[in-house]
Amino acid sequence: MSDFEVKEITPAAPTSVDGDARAARRREARTLLFGDLWEYAPAPESTAVVKVRERYEHFIGGRFVGGGEPMAVHNPATAEQISEIPAAGPDVVDRAVNAARAAFGPWSARPASERAKVLYHIGRMLQERARELAVLETLDNGKPIAETRDVDLPLAAAHFLYYAGWADKLDYAFPGVSPSPLGVAAQVIPWNFPLLMAAWKIAPALACGNTVVLKPAETTPLSASVLAEICAEAGVPDGVVNIVHGDGDTGRALVSHPGIDKVAFTGSTEVGRQIQRTLAGTDVRLTLELGGKGANIVFEDAALDQAVEGIVNGIWFNQGQVCCAGSRLLVQESVAETVLDKLRDRLATLRVGDPLDKNTDVGAINSAAQLERIADYVRIGQAEGAQMHQLACDLPDKGWFFAPTIFTHVAQSHRIAQEEIFGPVLAVQTFRTPDEAVELANNTPYGLSAGVWSDKGSKVFEMTRRLRAGIVWGNTFNQFDPASPFGGYKESGFGREGGRHGLLPYLRLR
Amino acid sequence: MNQPSKNSSSGQSSDSGAGSGNGAGASHRTGRAPAGLPAITVDARAVEARAARFTRRSIKNEAKRAALAAAMSMVDLTTLEGMDTPGKVERLCRKALQPGLDPRLPRVAAVCVYPTFVAHARQVLEGSDVRVAAVATAFPSGQSFLDVRLDETRRTVDAGAHEIDMVIDRGAFLAGDHARVFDEIAATKEACGAAHLKVILETGELSTYDNVRTASDLAMRAGADFIKTSTGKIAPASTMPVCLVMAEAIRDHYRATGVQVGLKAAGGIRTSKQAWHYLVLIKETLGDAWLTPDWFRIGASSLVNDLLLQWERLDTGRYQSAVYFSND
């Protein structure tokens, strides 16, 4: 080589020939600007596809019936009343349980293939009416239309289709024993995934030959009412699916009714405890899917940019109102700064606002009460000395909104690290070694979910083995599939929903 | 600035033989990455999922109009065919100056041609600010002697190219000789002098996102002004996940060094919708500072007429027949 010499590599400081020009380009502040140079125009989903009725009623014995004091139903994005429901008292609950009891014999005696056909039909009708239901769910719950459209509806339909497949194969699900249905299942579901939770509960119960009385949350009763309509149209016999509206009082009346054989509850750990006390000493079967404080564990050898996506999806999906949310970020100290820089950049791109806008990433908090609870915890976090970083954004003037929030410098002793906030609030802690990560992750009364981020497969599997959580995601988070069992350890509950495991709570095996 | 001397090219040419043509191989280290360059990994499934989310942004009305205009201003209008002639290149340049008849529409950023047409393109574009980019370094394979490639680069710059689109030696990269790839980029950068260097990674041949990331980091550290996905001669050309990986590399490089590097997506971008998907990706990954033709380019040819078609539709509410748009 003549005058061209191969140079030794000097990383980070390239032997650049125009160093001055480069230096000129170098900026003091190396921050990225996520501004409004190109602003997305409003892209609201039309509400013309759905007519919200003034009043929704109970669905008992195949008919919509009233009964009970009216309760207002609000649109969380505007805080305005959009409908009302009657709150079922003990008499209405009694009628519903009796209807379910009466329908149980004929339904469980039907050929299993007939039950499968009905479930397939429900799944298909959910797909056909997906747009309408997505809009209705967004109006009722406050979650972004992009989520109801891409997550809630497809998954709800998938659950019915999946369990339709099991209905006539129960004899092969648990070899060596013979399955039979339990009877009447009382099902109480939360407001964070109203239709999806209804699907999780109803589909396996019906596939196994049970009948159900379902109580949706009082703040999100609308989509379940449409589901009742769909059930009737799909050929579900009268009384097989019953829906009663109301709040905690209705729930108490339902789970303590002597005519039920099984309770399935998804909701808070506190209510779960009450239910377990109520049922103690009876032969009513119980499954509980309760709270969580999921640890999302990011190792230094993870694909960090994708891990950041997982953190975002873990805590800001559905405004963090997810029992399996990755509400604790455990990040290895060696990459903590890098990950937090990336996370803050990513946070800056989140769009908070009108849930009906197709470009909204974070919608409204479901109720004023929940909003207050989240605000309380954020005050607690600040008082405890954690450092807060919030998305700088204009929240809508009306409705119940909360800006996505990150707390750093969080210690295990902080309440924001221990207690379930159920909102868009992330607590960040650091760890040094895998052992320490396991210890921190397991040091909680909950045990629902966890995430492990590492490019090293053996490490992911080893962590999975050691984490006391019902669901552990490897290099992803908040992914759901009807074929995959879901449920918790410790105070996150017991029993599994989804997959073959999800049949067990609805079967007697002999 | 340390401009390479005129003599260096001839000096190297005379030296080119089988042994030294690709550089002094013996002195190169081989291995996963040059010393100090951490191999940053990419999770394929997750990066594809993120890239897909950009495509679900709903771009309406004024946002669409702004996107169409921005995309037009970012196009490197390209012809790279064996049958290119001075006439063809001239027509391309005329199209670059006036893509559509609506005066509200910007002209494109640059034309991209083979080195032999640079002088002609400069002549046609005289007086405008449309840049002339040329593919040098034994495009598209890069499989020639280093001194030949450097000489080609220098002569192309001498002919008036504002921007040089070089290809990396994918053979060397895939053989693990990252140090050689680094050195060759650095040498080409030197040969470019004042001209801007775009480094084509040819991601379709690199095959994995991990490789795309490593090649991006290499190219930026070696002095690339832009990193570019593809030659357009290999399928797949530019894809959203690949561009996301490159954008993330650019972001990290900027964070670490303060040096801003541009991104060019090239090949396979034919529709307006694809174009604004890329703009969404840039907006939400790199931010506003990259949403200009100085820092983001789209290498394309047929895209221009689709942008015009959509532009017309915004005004008239109707799709016009293709015969209303010039085919140059």
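In what follows, chains carry the letters A, B, and so on, assigned in the order in which the sequence lines appear, proteins first and then strands, with residues in each chain numbered from 1. Only heavy atoms go into these numbers, but all of them, side chains included; no hydrogens, no water, no symmetry mates.
Sequence neighbours left out, the pairs with a member in residues 31-42 of chain A that pass salt bridge (Lys or Arg N to Asp or Glu O under 4.0 Å) are A:Glu39-A:Arg351.
B:Glu163 has a carboxylate O that lies under 4.0 Å from a charged side-chain N of B:Arg297, or vice versa, which qualifies the two as a salt bridge. Contact check on A:Glu45 versus A:Arg131 returns a salt bridge, with a Lys/Arg side-chain nitrogen under 4.0 Å from an Asp/Glu carboxylate oxygen.
Contact record, A:Gln127 with A:Ala157: CG-CB, 3.6 Å, taken as the closest heavy-atom pair. Of all heavy-atom pairs spanning A:Ile315 and A:Gly326, the tightest one is CB-O, 3.9 Å. When all heavy atoms are compared, the tightest approach of B:Ala136 to B:Ile164 is CB-CG2, 3.9 Å.
Side chains of A:Asn296 and A:Trp453: a donor on one and an acceptor on the other come within 3.5 Å. Between the side chains of A:Arg346 and A:Thr349, a donor-acceptor pair is found at a separation under 3.5 Å.
Looking only at heavy-atom pairs under 4.5 Å with chain A, the residue among B:Ala49, B:Ala46, B:Gly287, B:Ser58 that has the most is B:Ser58. Counting heavy-atom pairs closer than 4.5 Å to chain A, the top-ranked of the candidates B:Glu284, B:Lys64, B:Arg57 is B:Arg57. For the set A:Asp341, A:Leu304, A:Asp301, the entry with the most heavy-atom pairs within less than 4.5 Å of chain B is A:Asp341. In terms of heavy-atom pairs under 4.5 Å with chain A, the best-connected choice from B:Arg255, B:Arg45, B:Arg213 is B:Arg255. Counting heavy-atom pairs closer than 4.5 Å to chain A, the top residue among B:Leu279, B:Thr292, B:Leu244 is B:Leu279. Counting heavy-atom pairs under 4.5 Å between each of A:Ala348, A:Ala303, A:Pro42, A:Ala41 and chain B puts A:Ala303 at the top. Highest contact tally toward chain B, considering only A:Asn313, A:Leu37, A:Asn359, is held by A:Asn359 [criterion: heavy-atom pairs under 4.5 Å]. When the candidates B:Glu62, B:Lys60, B:Glu248 are compared by the number of heavy-atom contacts under 4.5 Å with chain A, B:Glu248 comes out ahead.
How far CD1 of A:Ile311 is from CZ of A:Arg328: 14.0 Å, rounded to the nearest 0.5 Å.
With a 4.5 Å cut-off on non-hydrogen atoms, B:Ala67 touches chain A through its backbone and its side chain both. Within the 4.5 angstrom heavy-atom criterion, atoms from both the backbone and the side chain of B:Val280 approach chain A. The part of B:Arg251 that comes within reach of chain A is its side chain, from C-beta onward, which places non-hydrogen atoms under 4.5 angstrom from that chain. Of the two parts of B:Arg50, only the side chain, counted from C-beta on, holds a non-hydrogen atom closer than 4.5 Å to a non-hydrogen atom of chain A.
Residue-level contacts of residues 141-155 of chain A with chain B, in order of numbering, are A:Arg149, A:Asp150; threshold 4.5 Å between heavy atoms. Chain B is approached within less than 4.5 Å, heavy atom to heavy atom, by A:Asp455 from residues 454-463 of chain A, ordered by number.
Judged by distance alone, the side chain of B:Glu152 and the main-chain N or O of B:Thr137 form a donor-acceptor pair under 3.5 Å. One N or O on the side chain of B:Asp288 and one on the backbone of A:Gly35 form a donor-acceptor pair closer than 3.5 Å. No donor-acceptor pair under 3.5 Å is formed between the side chain of A:Ser484 and the backbone N or O of A:Asp481.
In this structure, B:Phe226 and B:Trp295 have parallel ring planes: the angle between them is below the 30° cut-off, well short of the 60° mark.
Annotation: side-chain contact (heavy atoms from CB on, under 4.5 Å) contacts of B:Ala247 (sequence neighbours excluded): B:Leu263, B:Leu281, B:Thr285, B:Leu286.
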Quiz item: How far apart are the C-alpha atoms of B:Trp276 and B:Phe54, what are their side-chain angles, what is the distance that settles it, and do they pass the ring pair (Phe, Tyr, Trp, His ring centres under 6.0 Å) test?
Solution: CA-CA 9 Å; B:Trp276 73 62; B:Phe54 296 126; over 10 Å; no

